[in-house]
Amino acid sequence: MERFFFISVFLLLLPHFFIINITFALPLSTDSRWIVDDGNKGQRVKLACINWPSHLETAVAEGLSKQPLDLIAKKIVSMGFNCVRLTWPLYLATDESFSGVMSVRQSLRKFGLLEAISGFQANNPYFLDLPLIKAFQEVVSCLGKNRVMVILDNHTSQPGWCCNDNDGNGFFGDKNLNPHLWIRGLTKMATIFANSSNVVGMSLRNELRGSKQNINDWYKYMREGAEAVHSVNPNILVIVSGLNYETDLSFLRDKPFEVTFKRKLVFEIHWYGFWSSWEGDNLNKICGRETDNIMKMSGFLIERGIPLFVSEFGIDQRGSNVNDNRFLSCFMALAADLDLDWALWTLAGSYYVRDKIIGYDESYGVLDWSWSSVRNSTIMQMISAIQSPFRGPGLKETNPKKIIFHPASGLCIVRKSLFELKLGSCNRSESFRLSSHQVLSLAEEKIFCIKAYEKGNSVKLRLYFSEYYCSKWKFLSESKMQLSSITKNGESVCLDVDSDTNSIVTKSCKCLKGDASCDPKSQWFKVITSTRSRFRAKPFLRVSPYLKTLVQESLSVS
Ligand SMILES: *[C@@H]1O[C@H](CO)[C@@H](O)[C@H](O)[C@H]1NC(C)=O
Ligand SMILES: *[C@@H]1O[C@H](CO)[C@@H](O)[C@H](O)[C@H]1NC(C)=O
Ligand SMILES: *[C@@H]1O[C@H](CO)[C@@H](O)[C@H](O)[C@H]1NC(C)=O
């Protein structure tokens with residue numbers, strides 16, 4: 001079954017937007033750690049998803065009282081997402097008397113949501129008399145028409161906000177998580193959507209947790225769930241979560257998860273800033289420690305060639321939550337470095353009702369309360385840096401190169417002029433080489449190396465006649481993201497960004513130790529591997545053969 005799928009990727013290439021159409025064939029499968037398409041070459045498809053909640057009390061996809069469904073789907077595409085993780089409550093699949101009979105109108109009325117009903121009347125009138133399950137299918141199908149892939153996530157049994165340790169939804173055997181009912185629900189849902197080609201994956205279960213958790217039951221029931229889904233819908237990716245609110249897959253180190261099928265298994269984790277304090281200690285130390293912890297709990301899977309999907313991460317979009325902002329920059333560094341597949345929490349600008357509050361405003365929503373515009377375009381712009389892949393099977397436009405990513409802005413180091421550097425789109429990134437002699441040079445125009453001057457000044461590209469002309473650079477601090485050098489005057493400086501011009505400058509190295517209130521984010525740089533071609537066809541400078549020889553000769557002498 002070869003089903004072609006087209007998406008548009010928007011690339012911000014100042015001063016114009018370019019639209020590139022990428023074609024790939026569904027269904028998806030896996031190739032080592034990558035998710036790939038069904039074409040001959042098995043080209044990488046990077047999941048850049050947004051979570052769209054549909055599992056709260058009303059069991060209706062949120063936002064449909066605010067904007068027409070098709071418009072919401074188009075907004076998702078225009079924000080650069082290629083996929084939606086659509087959350088559903090189990091009863092939608094197992095309880096006919098609930099989902100097959102109750103209409104959207106009845107469900108909204110049950111919670112006294114009269115204003116939402118009139119919103120539906122205005123924006124999506126035909127929805128009101130659809131049974132809940134049909135309304136859910138309608139959303140999936142509209143996303144398909146807009147070429148948006150869907151991952152179905154079995155979020156809770158009882159509809160409602162998730163999660164806590166004692167809500168009876170935590171682990172197999174809890175009051176509301178009967179394993180048999182669960183398998184039945186998964187099977188039903190996988191069957192219903194077996195013919196929806198844009199449904200590319202199914203998560204088995206959201207955030208297992210609580211006192212009943214144990215590894216033996218995990219292997220037993222997750223395997224049963226995975227096999228059940230695969231047997232009725234062999235096309236889709238089966239997405240498996242670990243323990244402790246989807247943070248822990250460390251037990252897979254010793255005991256692999258074995259299923260009868262191949263190339264369809266993906267693991268998932270969640271990662272939120274509010275799970276720990278990012279403010280109580282030196283931020284370099286916290287970022288280093290949290291990154292190590294993620295690698296230990298789940299990231300090691302990627303190193304072993306096993307796909308890992310960060311199916312929830314998110315931040316307060318108001319931009320004023322220091323803890324979340326600190327988390328996000330650290331997350332961006334790892335997400336770019338590993339070139340992760342991910343799903344941002346959340347699309348929803350508001351909920352019909354959450355925690356008994358009608359019209360609850362969702363500050364983690366990328367859309368505003370009325371679902372009409374982007375809540376914070378600065379944050380959206382930053383996240384757009386990790387929406388398209390840096391590398392992966394079938395995507396190689398150039399040989400792998402090292403680019404320097406600035407996680408706090410989502411930008412990369414690009415050329416400002418012949419001798420100067422600035423931040424710009426990662427699609428225009430220069431490629432760099434940090435030699436064993438700590439010389440940082442341009443990889444394509446090897447005759448240029450980076451030299452640091454006094455604090456506050458721009459760094460300059462100098463002709464690399466000998467190491468004497470170049471600064472020596474090394475990564476410092478516990479985040480290993482501060483690139484430092486010593487100036488002629490013996491001052492220790494770090495790469496930084498001039499906030500007015502975006503030029504790459506040097507400043508005193510910030511927050512190497514102690515000081516919890518100190519913020520080093522502007523000095524964070526991460527070297528990542530990319531095979532994206534630069535949209536500038538030629539190197540900045542055509543080097544004359546004579547100059548090249550001269551440089552090479554001087555190098556071999558030094
Ligand atoms: C969905 O989640 C509910 C509880 O949260 C669980 O009882 C049910 O088994 C799950 N179903 C599927 C198909 O994952
Ligand atoms: C899916 O399509 C097949 C073949 O066209 C059909 O036999 C099957 O009934 C369909 N399943 C559903 C759930 O619509
Ligand atoms: C967006 O977030 C940034 C910080 O990330 C913040 O400075 C800005 O005020 C926010 N903008 C809006 C409109 O909330």
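All ligand and atom numbering here is 1-based and tracks the order in the structure. Position 1 is the first residue of the sequence; numbering continues from there.
- For atom 7 (O) of ligand 3, no protein non-hydrogen atom is found at a distance below 4.0 Å.
- A donor and an acceptor atom, one from each side chain of Asn51 and Thr346, are nowhere located under 3.5 Å apart.
- Ser203 OG to Phe309 CZ: the interatomic distance, rounded to the nearest 0.5 Å, is 6.5 Å.
- Across the listed options Val374, Asn376, Thr378, Asn376 owns the non-hydrogen atom lying nearest to atom 1 (C) of ligand 3.
- Rounding to the nearest 0.5 Å places CG of Asn293 at 5.0 Å from NZ of Lys296.
- Defined by atom type and a distance below 3.5 Å, a donor-acceptor pair is present between the side-chain atoms of Ser522 and Lys510.
- The nearest protein atom to atom 5 (O) of ligand 3, hydrogens excluded, is given as Ile379 CG1, 3.8 Å; this is a heavy-atom distance.
- Counting heavy atoms from C-beta on, the side chains of Glu62 and Trp371 come closer than 4.5 Å.
- When non-hydrogen atoms are compared, ligand 3 lies under 4.0 Å from the backbone of Arg318 (N, CA, C, O) but not from its side chain.
- The nearest heavy-atom contact from the protein to atom 13 (C) of ligand 3 is Arg375 O, 4.0 Å.
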